[in-house]
Trainee: 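Pasting a structure here, questions to come.
Here the structure is a predicted model, which means the values were calculated and not measured. Letters A, B, ... are given to chains in the order of the sequence lines, protein chains preceding strands, and every chain is numbered from 1.
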Amino acid sequence: MSEFITGKKRTQYCGNIRAEHAGSEVVLMGWVHRRRDLGGLIFIDLRDREGTVQIVFDPEKGPEAHTLAHTIRSEFVLAVRGQVNRRPADMVNPSLNTGEVEVIAEELEILNEANTTPFVLDGETEVSENLLLKYRYLDLRRRDLQRNIILRSRVAAETRTFLQREGFIEVETPFLTKSTPEGARDYLVPSRVTPGYFYALPQSPQLFKQLLMVSGFDRYYQIVKCFRDEDLRADRQPEFTQIDMEMSFIAEDDIISVIEGMMSHIFEACLGRTLTPPFPRLTYREAIERYGRDNPDTRFALEITDLTDMAGQSAFRVFSETARTGGVIKALTVPDGSAFSRKELDALGEFVSPYGAKGVAWVRVGEDGWTGSLAKFFNQEMMQRIHEKTGARPGALILFVADAPSVVSASLGALRVRLAERLGLIDPDTLAFTWITEFPLFEYSETEGRYMATHHPFTSPAAEDIPLIETDRGRVRARAYDLVLNGSEIGGGSIRIHRPDVQSMIFKALGLREDEVQTKFGFFLEALQYGTPPHGGIAFGLDRLIMIMAGAESIRDVIAFPKTLKASCLMSDAPSEVSADQLRELSLKII
RNA sequence: GGGGUCGUAGUUAAGUCGGUUAUAACGCCGGCCUGUCACGCCGGAGGCCGUGGGUUCGAGUCCCAUCGACCCCGCCA
């Protein structure tokens with residue numbers, strides 16, 4: 001470190017000074033968080049990454065420093081030499097970690113001045129995200145954001161500690177790689193030396209990690225950036241970080257137990273939270289039936305009940321028609337939900353419309369029967385049976401959605417979370433981990449008009465379902481598993497296909513032409529023929545994991561330099577135009 | 001690709017039915033102040049009302065387009 005004041009070096013961080021340092025001389029360096037200039041006495045809160053401490057400029061203790069201190073403004077960078085002074089009892093500031101002490105300045109050097117910042121860095125004033133992102137380096141001075149970034153560093157470090165101890169080997173894989181069909185849109189990088197050819201940035205190191213298993217590394221991991229050129233969300237960035245892993249000679253339970261150990265280690269080391277594996281498991285089917293989605297938030301109950309049989313027999317046309325035409329009628333039962341106002345109930349209909357539902361039907365359960373416009377379509381016996389199935393008691397509210405199965409699940413799945421938030425059912429301190437297993441291997445895509453891989457095309461089918469690949473594709477179960485935490489998918493993986501014949505069969509089932517398979521995956525299929533061990537792996541979204549650990553609302557709060565929803569960086573102004581020369585060199589033309 | 005919210009001093013917001021000189025708080029600048037800690041008191045400066053067009057005698061306000069940020073659906077193996 002460079003030397004400043006009279007040849008002295010920084011002795012410690014501002015935020016770390018405590019009563020035990022009283023009487024000692026310190027040299028501090030940091031930013032002016034706030035100044036209180038009383039004319040005679042001047043107080044400065046000096047800030048560094050560990051916190052702030054009060055500096056006192058007293059004309060009797062340091063006349064030159066006091067004179068200079070009048071010129072100090074917010075965010076100036078200072079070096080201060082002085083004595084740590086224990087504050088008199090009536091001047092202790094209990095809201096500061098350093099509140100029992102202060103530093104009496106004897107010498108001051110202004111290391112740098114600062115323009116007035118475009119927003120106040122007090123962490124309390126709401127500032128538009130636009131501005132925060134443009135001046136990200138200033139936003140990053142704020143305590144909350146620094147805490148998140150520091151937590152992220154610790155999680156990455158503890159992940160490495162754990163995995164190295166478990167015999168995993170970190171291997172770097174290429175960023176400049178090959179574009180492959182299936183999956184997300186690729187970010188492309190033009191090749192200069194081979195005009196008209198492109199690299200793709202990896203959506204994940206999937207093929208490389210499997211090839212490392214072929215190579216015999218046995219256990220691989222990497223904390224690695226991945227790139228997907230798709231539309232963004234509050235929890236999605238175009239470049240994001242995965243904890244990527246692969247293991248040989250293992251089955252589902254081996255991976256699950258390693259990950260349960262890894263999560264326990266990370267949460268204990270970084271948050272002091274003790275987890276209690278094994279985590280509960282749900283099949284995909286159960287998750288959809290009970291929670292409406294494959295990433296259920298299991299911090300609260302409020303489960304979905306299937307009432308297709310009962311409600312389908314009611315005189316209510318919408319219900320009977322839905323049941324008759326292959327749709328389903330499902331419900332959420334809110335105990336004591338009768339308090340919902342008519343206005344709130346109407347708003348629920350709007351809430352589910354993005355998921356394709358035409359509305360939410362509701363009844364209030366009273367001591368003697370139902371109230372609400374739907375009540376007249378149900379007789380006493382039907383009500384009784386529905387009460388039994390849903391557990392509804394007087395005072396409850398029953399919310400029905402009738403539609404195609406996928407619409408009903410999506411609607412009620414979202415509504416369930418919304419209601420839980422509204423009713424305060426979610427304990428923010430709970431950590432609800434759940435494994436989701438037995439995903440379908442294929443999903444039919446209406447837009448593509450064909451079956452697509454639910455997970456990815458290298459996922460192994462359940463052995464007993466292999467015959468179904470030819471006959472009943474939709475029913476083939478995958479040896480895939482996701483780890484869900486508090487309603488967020490934080491990781492997912494699978495046992496891979498290690499037999500070239502099965503891999504070819506899957507490519508074929510996905511509608512890939514033989515020549516296409518050879519061009520895109522030929523090298524990989526060939527590799528599988530040189531002695532591939534049974535293997536499988538998993539990848540975690542580090543950003544999402546940190547979000548939950550930090551209690552962050554947006555993925556931007558856990559990434560130092562994030563991009564906007566339009567994938568631009570407001571600070572550096574990327575992406576931007578490039579010169580004609582650059583384009584010519586790459587043989588590219590803007591159309 | 002679709003739906004929604006927002007854009008007014010440096011910042012955060014108010015701005016009525018379209019009508020005089022566009023308000024306030026914080027911040028900033030100057031002055032006073034020796035125990036403040038969101039210091040206090042006095043004074044002052046500060047506006048492309050996102051941008052472009054239209055309607056009107058007159059637009060921050062109404063209409064159209066556009067740019068940007070955010071949220072959701074589709075999409076994200």
Trainee: When the ring centroid of A/Phe227 is compared with that of A/Phe175, is the distance short of 6.0 Å?
Mentor: yes
Trainee: What is the nucleic acid contact for A/Pro457, judged by heavy atoms within less than 4.0 Å: base, sugar-phosphate only, or nothing?
Mentor: base
Trainee: Hey, is the side chain of A/Arg34 poking within less than 4.0 Å of OP1 or OP2 on B/G27, counting only N and O atoms?
Mentor: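 For B/G27, neither OP1 nor OP2 has a side-chain N or O of A/Arg34 closer than 4.0 Å.
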Trainee: Determine the interatomic distance between P on B/G40 and the same-named atom on B/U21; round to the nearest Å.
Mentor: 35 Å
Trainee: Rounding to a whole Å, what distance do you find between A/Leu121:CG and B/U12:P?
Mentor: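 It works out to 13 Å between those atoms.
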Trainee: Counting the atoms with a prime plus P, OP1 and OP2 as sugar-phosphate, which does A/Glu60 contact under 4.0 Å by heavy atoms, base, sugar-phosphate, or nothing?
Mentor: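 Base contact.
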Trainee: Using only side-chain N and O atoms of A/Arg36, determine if any of them is under 4.0 Å from OP1 or OP2 of B/C39.
Mentor: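 Yes, within the criterion.
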Trainee: Give me the distance, rounded to whole Å, that separates B/C26 from B/A38 when you measure between the P atoms they each carry.
Mentor: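 Here B/C26 and B/A38 have their P atoms 15 Å from each other.
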Trainee: Would you indicate what A/Ser353 reaches in the nucleic acid, counting non-hydrogen atoms under 4.0 angstrom: base, sugar-phosphate, or nothing?
Mentor: nothing
Trainee: Indicate, with a heavy-atom threshold strictly under 4.0 Å, whether A/Asp90 touches base, sugar-phosphate, or nothing.
Mentor: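 If one applies the 4.0 Å heavy-atom cut-off, A/Asp90 turns out to touch nothing in the nucleic acid.
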Trainee: Nearest whole angstrom, please: distance from the P of B/A14 to the CD of A/Glu126.
Mentor: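 Going from CD in A/Glu126 over to P in B/A14 covers 13 Å.
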Trainee: Under 30°, 30 to 60°, or over 60°: which ring-plane class applies to A/Phe458 and A/His456, parallel, tilted or perpendicular?
Mentor: tilted
Trainee: With no angle test and no hydrogens, is the base of B/G68 tied to the side chain of A/Glu129 by a donor-acceptor pair under 3.5 Å?
Mentor: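 Check fails, no donor-acceptor contact within cut-off.
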Trainee: Is the phosphate of B/U12 approached by A/Ser128 (side-chain N or O, under 4.0 Å from OP1 or OP2)?
Mentor: yes
Trainee: Could you tell me whether the phosphate oxygens of B/A69, OP1 or OP2, come under 4.0 Å of any side-chain nitrogen or oxygen in A/Thr564?
Mentor: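 Indeed, a polar side-chain atom of A/Thr564 lies that close.
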Trainee: Is any side-chain heavy atom of A/Glu100 closer than 4.5 Å to one of A/Arg18?
Mentor: no
Trainee: When you check the phosphate oxygens OP1 and OP2 of B/C76, does a side-chain N or O of A/Arg233 lie under 4.0 Å from one of them?
Mentor: no
Trainee: Please classify the nucleic acid contact of A/Gln54 as base, sugar-phosphate, or nothing, using heavy-atom distances under 4.0 Å.
Mentor: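 Here A/Gln54 touches the bases of the nucleic acid.
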Trainee: When you check the phosphate oxygens OP1 and OP2 of B/U11, does a side-chain N or O of A/Thr116 lie under 4.0 Å from one of them?
Mentor: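 A/Thr116 to B/U11 OP1/OP2: no side-chain N or O under 4.0 Å.
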Trainee: Pick the C1' atom in B/U12 and in B/G53, then give their distance to the nearest Å.
Mentor: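 B/U12 and B/G53 have their C1' atoms separated by 30 Å.
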Trainee: If the C1' atom of B/G35 is compared with that of B/G44, how far apart are they to the nearest Å?
Mentor: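 After rounding to an integer number of Å, I get 29 Å for this pair.
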Trainee: Using atom C1' in both nucleotides, what's the gap between B/C76 and B/A14 to the nearest angstrom?
Mentor: 41 Å
Trainee: Considering just the side-chain nitrogens and oxygens of A/Arg87, establish if one lies under 4.0 Å of OP1 or OP2 belonging to B/C37.
Mentor: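 Indeed not, no polar side-chain atom of A/Arg87 lies that close.
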Trainee: Does A/Arg556 reach a base, just sugar-phosphate, or nothing at all? Heavy atoms under 4.0 Å.
Mentor: sugar-phosphate
Trainee: When the C1' atoms of B/C67 and B/U20 are considered, how many whole Å apart are they?
Mentor: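 Looking at atom C1' only, B/C67 and B/U20 are 34 Å apart.
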Trainee: Rounded to whole angstroms, how far apart are CZ on A/Arg35 and C1' on B/C26?
Mentor: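 In whole Å, B/C26 C1' and A/Arg35 CZ are 14 Å from each other.
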Trainee: Does A/Asn130 make a side-chain donor-acceptor contact with the base of B/G7, cut-off 3.5 Å?
Mentor: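 Side chain to base: no pair present.
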Trainee: Determine the contact category for A/Ser204: base if any of its heavy atoms lies under 4.0 Å from a base atom, sugar-phosphate if only primed atoms, P, OP1 or OP2 are that close, otherwise nothing.
Mentor: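 The residue A/Ser204 makes base contact.
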Trainee: Side chains of A/Phe439 and A/Tyr481: closer than 4.5 Å at any heavy-atom pair?
Mentor: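 Result no, sub-4.5 Å side-chain heavy-atom pair not found.
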Trainee: Could you tell me whether the side-chain ring of A/Phe119 sits stacked on the base of B/U11, using a centroid cut-off under 5.5 Å and a plane angle under 30°?
Mentor: no
Trainee: Between A/Arg475 and A/Asp472, is there a side-chain N and carboxylate O pair less than 4.0 Å apart?
Mentor: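 Salt bridge flag = yes for A/Asp472 with A/Arg475.
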Trainee: Roughly how many Å apart are B/G60 and B/C17, using the C1' atom of each and rounding to a whole number?
Mentor: 15 Å
